[in-house]
Amino acid sequence: MAVISSKIRVLALIALVAAALALPVSARTIVVPSSEAKTIGAAMAQARPGDTVKVKDGVYRENIFVAPGIFFVAENLFKAVLDGRGKGTIVTMGGSATISGFEIRNGTIGILSEAAQAVIRQCRVIHNVQSGILCVGVLPKMEDNFVVFNKGSGIQGWDVRTTSGSINHNTIAYNANHGIALGGTTSITVENNIIAFNDQFGIKPAEETVRVELINNNFYQNARISSNLPSDNISTDPLFVDAKRFNFNLLKESRSIGMGTDNQNLGARILH
């Protein structure tokens, strides 16, 4: 009887341990800088999928890999600046990782995304030597970004496809090459964007194997005309408040107001 009782206690203990292991581990927030992590790299080394790395205001001169499943966010919009010091890729996205709220500037490439289900949201990507955002293989979800004043193309994609990804509600302007450049075997949808004042094409498919569905975009005064735009796309001055000072709000007279497929404004939907 004592042996049976002992076995019951052991089985009960095993069941309790198994139940504890089955409980989900609470996601945590790692703040940079803090006593826990003085640098972004140190925070990423500690973070686990589902965790948030939150970055305080300041200029950070690091080349960053956003670990898979991590939410990488600026505490205040555009006040945390990732500066590439004129060389290299500033941010590389891991699978199912999200970046939001940063200014990303002065790299060779601002953001590189090759992993599935990455999200790039509410970022200002500026003054990079080549592409603002480079996507290879898998299209990330890109929404409400300002990809402007880069020395190459704003967004460049190679062999990318729309699965969970999208190019939706971005302002892509004043880049020294194309607004969006695409090559390889590519099939994507570009929707509700303002693509204006770029020095070459607004959108440039480099290969016959590139398939792009253009829905409700505003292409305006790109130096070279994108031919055969579908009729639901417009070409009219977006009427930015003050682009030279990065104020891409729309004046009340803008025809881009309320013209999205979701009845929201074209371009990035951030008021600042």
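Along the sequence shown, residues are numbered consecutively beginning with 1. Values below: every heavy atom of this structure, side chains too, minus hydrogens, waters and symmetry copies.
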Heavy-atom side-chain contact between [X] and [Y] under 4.5 Å:
X	Y	value
Met142	Asn168	no
Ile215	Asn192	no
Lys151	His127	no
Val91	Phe102	no
Leu182	Ile203	yes
Ile188	Val210	no
Ile180	Ile172	yes
Ile167	Thr189	no

Does [X] belong to the same Ile/Leu/Val/Met/Phe/Trp/Tyr cluster as [Y], with side-chain heavy atoms less than 4.5 Å apart forming each link?
X	Y	answer
Val66	Leu134	no
Phe248	Val241	no
Val125	Met93	yes
Val136	Leu139	no
Phe78	Val81	no

ask   = With Ile90, which residues qualify under side chain to side chain contact (heavy atoms under 4.5 Å, CB included), at least two apart?
value =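 Counting only residues at least two positions away or on another chain, Ile90 forms a side chain to side chain contact (heavy atoms under 4.5 Å, CB included) with Leu82, Ile104, Asn128.
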query = Taking only residues two or more places apart in sequence, or in another chain, which ones meet Leu77 in a side chain to side chain contact (heavy atoms under 4.5 Å, CB included)?
reply =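 Testing Leu77 for side chain to side chain contact (heavy atoms under 4.5 Å, CB included), a comparison that skips the adjacent residues, returns Gln122, Ile270.
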Minimum-distance pair of heavy atoms, taken over all atoms of [X] and [Y]:
X	Y	result
Ala176	Asp199	O-CB, 3.3 Å
Ala37	Ile30	CB-CG2, 3.9 Å
Cys135	Ile155	SG-CG2, 4.5 Å
Ala206	Gly183	CB-CA, 4.4 Å
Gly50	Ala27	O-CB, 3.2 Å
Gly179	Ile195	CA-CG2, 4.3 Å

[X] side chain to [Y] side chain, donor-acceptor N/O pair below 3.5 angstrom:
X	Y	result
Asn175	Ser153	no
Ser166	Glu191	no
Asn222	His178	no
Thr171	Asn193	no

query = Can you list the steps and then say if Asn145 with His169 is a side-chain hydrogen bond (donor to acceptor under 3.5 Å, both in side chains)?
reply = CA-CA 8 Å; Asn145 301 290; His169 279 296; over 6 Å; no
task = Give every residue pair that meets the salt bridge (charged side-chain N to carboxylate O under 4.0 Å, His left out) criterion with at least one member in residues 45-60, sequence neighbours excluded.
result =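 Those involving residues 45-60 are Arg28-Asp51.
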Strictly distance-based, threshold 3.5 Å: is any side-chain N or O of [X] a donor or acceptor partner for the main-chain N or O of [Y]?
X	Y	result
Ser34	Val31	yes
Asn63	Thr89	yes
Asn247	Asn249	yes

task = Apply side-chain contact (heavy atoms from CB on, under 4.5 Å) to the pair Met44 and Val53, showing each step before the final yes or no.
result = CA-CA 7 Å; Met44 288 294 173; Val53 173; 4.2 Å; yes
Euclidean distance, [Y] [atom2] relative to [X] [atom1], rounded to 0.5 Å:
X	Y	atom1	atom2	result
Asn216	Ile234	CG	CD1	8.0 Å
Ser235	Phe219	OG	CZ	9.5 Å
Asn170	Ile194	CG	CD1	10.5 Å
Arg61	Thr39	CZ	OG1	14.5 Å
Leu250	Met259	CG	CE	12.5 Å
Asn177	Gln200	CG	CD	5.5 Å

ask   = Below 6.0 angstrom between ring centroids: does that apply to Tyr220 and Phe197?
value =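 Ring centres of Phe197 and Tyr220 closer than 6.0 Å.
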query = Do Phe149 and Phe246 have ring centres separated by under 6.0 Å?
reply =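 Yes, close enough.
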query = Does the pair Glu213 and Val190 meet the rule for a side-chain contact (heavy atoms from CB on, under 4.5 Å), with working shown?
reply = CA-CA 6 Å; Glu213 184 177 13; Val190 177; over 6 Å; no
key: salt bridge (charged side-chain N to carboxylate O under 4.0 Å, His left out) partners for Glu103, two or more places apart   =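 By the salt bridge (charged side-chain N to carboxylate O under 4.0 Å, His left out) rule, Glu103 matches Arg105, Arg124.
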inquiry  = Test of understanding: with salt bridge (charged side-chain N to carboxylate O under 4.0 Å, His left out), list the residues that count as partners of Asp144, not counting sequence neighbours.
reply    =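 Counting only residues at least two positions away or on another chain, Asp144 forms a salt bridge (charged side-chain N to carboxylate O under 4.0 Å, His left out) with Arg269.
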task = Please work out which of the three classes, parallel, tilted or perpendicular, describes the rings of Phe240 and Tyr174, given edges at 30° and 60°.
result =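 Tyr174 and Phe240: tilted rings.
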With a cut-off of 3.5 Å and sequence neighbours excluded, list every side-chain donor-acceptor pair involving residues 106-120.
residue: Asn106; atom: ND2; partner: Asp83; partner atom: OD2; Å: 3.1
residue: Thr108; atom: OG1; partner: Gly88; partner atom: N; Å: 2.8
residue: Gln117; atom: OE1; partner: Ser96; partner atom: OG; Å: 3.3

task = Before giving the answer on side-chain contact (heavy atoms from CB on, under 4.5 Å), spell out for Asn218 and Ser256 the whole-Å C-alpha distance, their side-chain angles and the decisive distance to 0.1 Å.
result = CA-CA 7 Å; Asn218 184 0; Ser256 293; 3.0 Å; yes
ask   = Going through the distances and angles, do Phe72 and Ile64 end up as a side-chain contact (heavy atoms from CB on, under 4.5 Å)?
value = CA-CA 10 Å; Phe72 181 44; Ile64 298 150; 4.2 Å; yes
